[in-house]
Amino acid sequence: MRLLLVEDEIDLLESLAQALREDGYAVDTAGNGDDGYFKAKTWDYDAIILDWMLPKLNGIELLRRLRRDKKTPVLLLTAKDAVSDRVAGLDQGADDFLVKPFNLSELLARVRALIRRSTGNASNLIVIGSIEINLASKTVMDSGNAIELTAREYAMLELLAVHAGKLVSRTMIYNHIFDEQDDTLSNLVDVHISHLRKKLGRDFIETRRGQGYILNV
Amino acid sequence: MFSVFQSLRWRMQSWHALILLTVVVVFGSLLHWEMVRAHWDRIDEELLGAARILEGSMLAVPPAILEALAQDVTVSGARIPRPNSNRPWRPEDRRPEDRRPEDRRPPPIGSAQILPSRMFPYRNWKFPGADTQNLGDRTEEEWEASIQLPAQLPEQLGRNQGAVYFFLWRSDGSVLRESNSPAQPPTPNKEILASLDRDRMARQVRGPFREVFIRGPRETLICVGRSAIREREKIAGMTWTIVASGLSVLGVGLMGGWWLSKRAIEPIQRMSRTAQGINANQLTDRVKLSGFDTELAGLGATLNTMLDRISQAFEQQRQFTADASHELRTPVSIILTSSELALSKTREPAEYREQLVKCKRAAERMRQLTDSLLTLARLDSTTNLDLTHVDLDALLHDAVSSIHSIADAKSIQIQTQLEHASLQGNETLLRQAFHNLLSNAIKYSHPESHIFVRLLKSKEYVSIEVEDHGIGIPESAIPKLFDRFYRVDESRARAEGGTGLGLSIAERIVHCHQGQISVDSVLGGGSVFRIVLPLPS
């Protein structure tokens with residue numbers, strides 16, 4: 001899952017980005033409203049974490065412009081806690097609202113919930129055949145046995161699983177699993193897919209030649 | 001507890017009632033007194049006139065003259081001699097063109113209509129020769145017998161005002177003549193005699209009678225009196241009229257006052273109701289001014305202006321609190337996020353270090369912010385500064401030296417031109433104000449540029465200028481420059497580590513020293529901040 005984090009406090013931006021990456025997300029960052037708007041418009045993020053008070057283009061204005069052509073879920077971060085501010089934020093198209101200072105675990109939970117809702121899943125547990133994927137604890141079980149996956153492998157499995165039954169193209173995988181910091185060597189989708197097949201069974205992931213991959217329900 | 005004496009309306013009404021009552025009582029009493037006096041004066045004047053006529057007839061003054069006296073000089077065109085003439089009047093006194101044949105033959109006594117006139121000053125009238133009545137070759141008895149009193153006098157007076165009587169006493173107190181007397185004849189007592197020694201007349205009220213005494217010729221005493229019952233009844237009637245009209249004026253006045261006070265109080269109550277509805281959460285309401293009189297509209301307008309100011313102050317306070325909390329939330333967020341991140345799993349020491357550095361930076365920022373907020377709060381609540389003798393040039397020199405290291409880091413040169421000036425001020429605060437201006441100048445200067453610090457002194461003022469050649473300030477930002485938490489460029493100011501309070505603090509400090517702070521700036525060319533402080537005269 002790939003996120004965009006727009007925050008002008010550089011220390012906060014770095015720590016949040018690191019925390020999100022450690023939680024398995026691909027994270028792009030922007031230090032001001034203009035950059036944030038550009039990235040948000042260019043890529044299809046799974047969610048955007050947006051600070052309200054931003055130099056150049058404030059969060060609300062960014063959101064208003066973005067909503068003209070993108071439905072990306074947005075979590076608005078702000079130090080403003082008045083009810084009228086929350087209402088204004090939500091009315092401008094934010095999907096959730098988190099007041100500074102916040103707990104990291106709450107932010108992560110809200111991001112999870114935001115993505116889950118946007119993909120149409122009601123619970124954090126996805127079951128495909130004998131495989132159970134827990135989105136909250138990021139663990140995978142096969143008939144009750146835990147399966148060890150690397151972060152990258154899990155991210156890929158999660159992407160395929162939330163779109164289970166639908167074709168997931170290689171471009172989509174590139175766009176959602178890797179962020180702007182990843183180097184090209186780690187972008188070997190085929191290698192991660194073959195590792196996943198080894199751990200979950202050969203037929204679990206079907207290859208559509210020239211189109212992409214699909215998880216059959 | 002509600003007390004009627006605390007109600008403005010009741011107090012107004014009470015005062016109104018008191019004043020109205022006083023006015024009515026005083027006015028009524030004066031009217032009554034004047035009326036009674038006028039009545040008695042008229043009676044006395046009549047009685048005195050009658051007594052004078054009696055005196056005149058005892059002096060054998062011709063009836064025509066008595067008549068002329070009574071008719072107030074103009075009846076027959078005769079002119080009465082001046083009262084102070086000291087010889088008896090004679091018909092020859094008439095001007096030749098006024099002389100008439102009948103002057104030589106006086107008409108018989110009693111034939112004239114001898115009614116005393118109210119116009120004539122009987123009180124001071126004195127028949128010429130009245131005091132030195134000479135009997136000639138006549139005896140006392142012959143004189144007494146010769147007295148012819150006007151027969152119709154009592155009847156005329158009586159017809160006018162009821163039964164009139166008179167008495168003539170000899171000097172030894174025996175009765176010389178008397179008319180039909182009332183039941184009890186009057187006795188001239190000591191007071192009357194003493195009064196007659198002082199004055200030309202004496203008067204007394206005896207039961208229902210009013211009596212006037214004068215001295216007649218040859219030590220005689222003349223008394224004329226009559227019943228005053230009808231006048232008294234009249235006066236009593238008029239007294240009741242005055243009391244009744246006074247009471248009705250009082251009643252109408254009180255009702256009118258009650259109505260007026262209601263009308264006067266009502267808009268105030270309306271205003272009060274509006275004001276009650278206005279509180280900290282509802283400061284937008286205003287007193288409606290239409291339909292108020294000028295004075296109350298003025299009060300309402302004053303109230304509205306006050307509300308404007310209060311709501312502005314509230315808004316500023318709210319904005320300040322929101323800004324302050326916002327400024328504090330961000331470093332708290334950094335500390336929370338970094339520490340949670342660091343603690344989420346076991347890490348390399350370098351990673352812990354990285355997060356700790358962020359936490360420390362955030363804490364430093366919070367300290368700086370809370371220090372600034374505290375300084376502002378103190379400046380806002382302080383009315384008296386601790387004043388000492390301050391050498392401004394030395395202080396500025398210190399401030400420049402202490403900031404040199406920061407300036408050197410950007411290769412900025414600070415040049416000073418300081419005249420000597422000193423005043424009574426708070427050294428710590430002034431140092432902080434100078435420091436804030438200097439650190440601002442360094443923050444927004446281009447590297448390797450110059451900053452000029454000048455201290456100029458005139459007779460009454462000292463002016464401190466800090467001139468930089470940095471990025472300058474856009475004109476639109478200048479009015480808000482000294483507002484709390486205002487930053488021309490959010491991100492830049494943050495990156496430079498400012499709290500957004502430095503200039504506000506400098507401004508407050510300068511204001512606490514009765515000074516002015518101002519700025520001239522050219523966008524892209526640099527700024528000049530100028531502090532002007534008054535010198536002790």
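The model shown is predicted, which means the values in this text are computed figures rather than measured ones. Quick note on labels: first sequence line is chain A, next is B, and so on, each numbered from 1.
For B/S344, the part lying under 4.5 angstrom from a heavy atom of chain A is the side chain only. In this structure, chain A has heavy atoms under 4.5 Å from both the backbone and the side chain of B/L341. For A/E14, the parts sitting under 4.5 Å from any heavy atom of chain B are the backbone and the side chain alike.
Within residues 30-43 of chain A, no residue has any heavy atom less than 4.5 Å from a heavy atom of chain B. Of all residues in residues 96-111 of chain A, those placing a non-hydrogen atom less than 4.5 angstrom from a non-hydrogen atom of chain B are A/V99, A/K100, A/P101, A/F102, A/N103, A/L104, A/S105.
Here A/Q18 contributes atom CD and B/E354 contributes atom CD; the two are 6.0 Å apart, rounded to the nearest 0.5 Å. The distance from the CE atom of A/M53 to the CD atom of B/E327 is 7.5 Å, given to the nearest 0.5 Å.
With no hydrogens or angles considered, no side-chain donor-acceptor pair links B/T337 and A/S15 at under 3.5 Å.
For the side-chain hydrogen bond (donor to acceptor under 3.5 Å, both in side chains) test with A/D11, the passing option among B/R361, B/Q355, B/R365 is B/R361; the others fail.
Other residues, nucleotides and ligands contribute at most 12 non-hydrogen atoms within 6.0 Å of the CZ atom of B/R353.
No other option in B/L328, B/I335, B/V332, B/I334 has as many heavy-atom pairs under 4.5 Å with chain A as B/I334.
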